[in-house]
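Each ligand, and each atom within it, is numbered from 1 in the order the structure gives. Computation of the quantities below employed the complete heavy-atom set of this structure, encompassing side-chain atoms and omitting hydrogens, waters and symmetry-equivalent molecules.
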Amino acid sequence: MPEPLALRDLLALDRQHVWHPYGPMPGTATPLLVESASGVRLRLAEPAEGQDELVDGMSSWWSAVHGYNHPVLNDAARGQLERMSHVMFGGLTHEPGVRLAKRLVDITPEPLQHVFLADSGSVSVEVAVKMCLQYWRSVGKPAKQRLLTWRGGYHGDTWQPMSVCDPEGGMHELWQGVLPRQIFADTPPAGFDAPPDEAYAAHLRELIGRHADELAAVIVEPVVQGAGGMSFHSPGYLRVLREACDAHGVLLVLDEIATGFGRTGALFAAEHAGIAPDVMCVGKALTGGYLTLAATLCTTAVAEGISRGELPVLAHGPTFMGNPLAAAVADASIGLLLSQDWAREVRRIESGLTEALAPAGELPGVRDVRVLGAIGVVQLDHPVDLAAATRAALREGVWVRPFRDLIYTMPPYITGDDDVARIGAAVCAAAREG
Ligand SMILES: *Cc1c(COP(=O)(O)O)cnc(C)c1O
């Protein structure tokens, strides 16, 4: 074992050498050093605002749905580690990869039958886009190569995904003019329970119809737009997209990377609309937050179309494709999820957050409070003061990571009622001081 580094040295090295998400170099804010994590608690190397343990309100960006250091997932990782942590997927295969693919086919909408295992969410979106473009090329319609999405979305940080992220005020505004130019519909009207707006539905249909000749696919996040603004919309719009795509010969891609595995109260958010996409991406909670893994699923029609082409293969193959360690943990994580009444836990967190976040609605500077499934959002009428909001939550012993005008939480499903209440109180405190 290497000598442990002193905390001060670690933080100095971090600042000098290590990029963090959306961070400057050298770093300007000092990150908290996490020593270990267990259940819903993060243990810090040094107390922050008097707390040496924090209740995790983020599930490490939607992923750690079972909490940290879970015995079932630890066993799956350990068992696989002793067999092999990795072998290449070209010319070789392995049980964890096959089992996981079969399981994904079994639990996702019926028409999705084929699975590409990718190493991150963004890569799975790249693969989804490549599948769609290649499908149309293979069936003799190479002009169909653009994408349509609605504003307010987020699909990842690599090139194709960036081109379908919200083009304004989002994280990739810098690249307008360099990215492929896609077609944007207006942001869907807000509200999961709001009756679908007929004018907006007509707008979607009109745009898809007008651009059908050049459109390969429509790609959206179903029901919840995550990093693009944490907003919820009526599942009715997904049915509108499905019908318009069918009517005009356009593929429908659903990005369930954030919404998948129960977060919105349905196992996959597409179920709220009762529709199936042609291509679907999953990631984030796929491994229960243990390892990086994502998947792109497609229908037999898409796969057969690609196979009919001049180049009858999907030319994509990351080095760590189908990583056995990640696949074994993912299979165990899905098994663990399905072995319990996860929907009841999500509903329990939904009512806990609804109650605990209600006081935020009375605060000056708060524009909206909304909860759907195990997701709670407080939207301010101004950009959040990240340092002040973080400090306020830390004083309550809770970890949240606000962005833009949003203070939000998506706790692990195992979070107990007291901890849900505590997270809610911390979000309110952050909204008051941020
Ligand atoms: C996080 C996210 C991605 C990107 O996944 P990474 O694993 O961060 O590359 C894509 N789409 C959605 C909806 C996401 O929430």
Can we call the ring centroids of H272 and F192 under 6.0 Å apart?
-> yes

Does H66 have any side chain to side chain donor-acceptor pair (under 3.5 Å) partners at least two apart in sequence or in another chain, and if so, which?
-> S333

Kindly write out the residues that satisfy side chain to side chain contact (heavy atoms under 4.5 Å, CB included) with S85, not counting sequence neighbours, or none if the list is empty.
-> L81, L325

Distance dump, ligand 1 polar atoms to protein, N/O, under 3.5 Å:
| residue | atom | partner | partner atom | Å |
| --- | --- | --- | --- | --- |
| ligand 1 | 5 (O) | S122 | N | 3.4 |
| ligand 1 | 7 (O) | G121 | N | 2.8 |
| ligand 1 | 9 (O) | G121 | N | 3.4 |
| ligand 1 | 9 (O) | S122 | N | 2.7 |
| ligand 1 | 9 (O) | S122 | OG | 2.6 |
| ligand 1 | 11 (N) | D255 | OD1 | 3.4 |
| ligand 1 | 11 (N) | D255 | OD2 | 2.6 |
| ligand 1 | 15 (O) | K284 | NZ | 2.5 |

Kindly state each residue pair satisfying salt bridge (Lys or Arg N to Asp or Glu O under 4.0 Å) with at least one member in residues 106-128, sequence neighbours excluded.
-> K102-D106

Is the closest basic N to carboxylate O distance between E396 and R422 below 4.0 Å?
-> no

Nearest heavy-atom pair of L215 and W136: which atoms, and what distance?
-> O-NE1, 4.4 Å

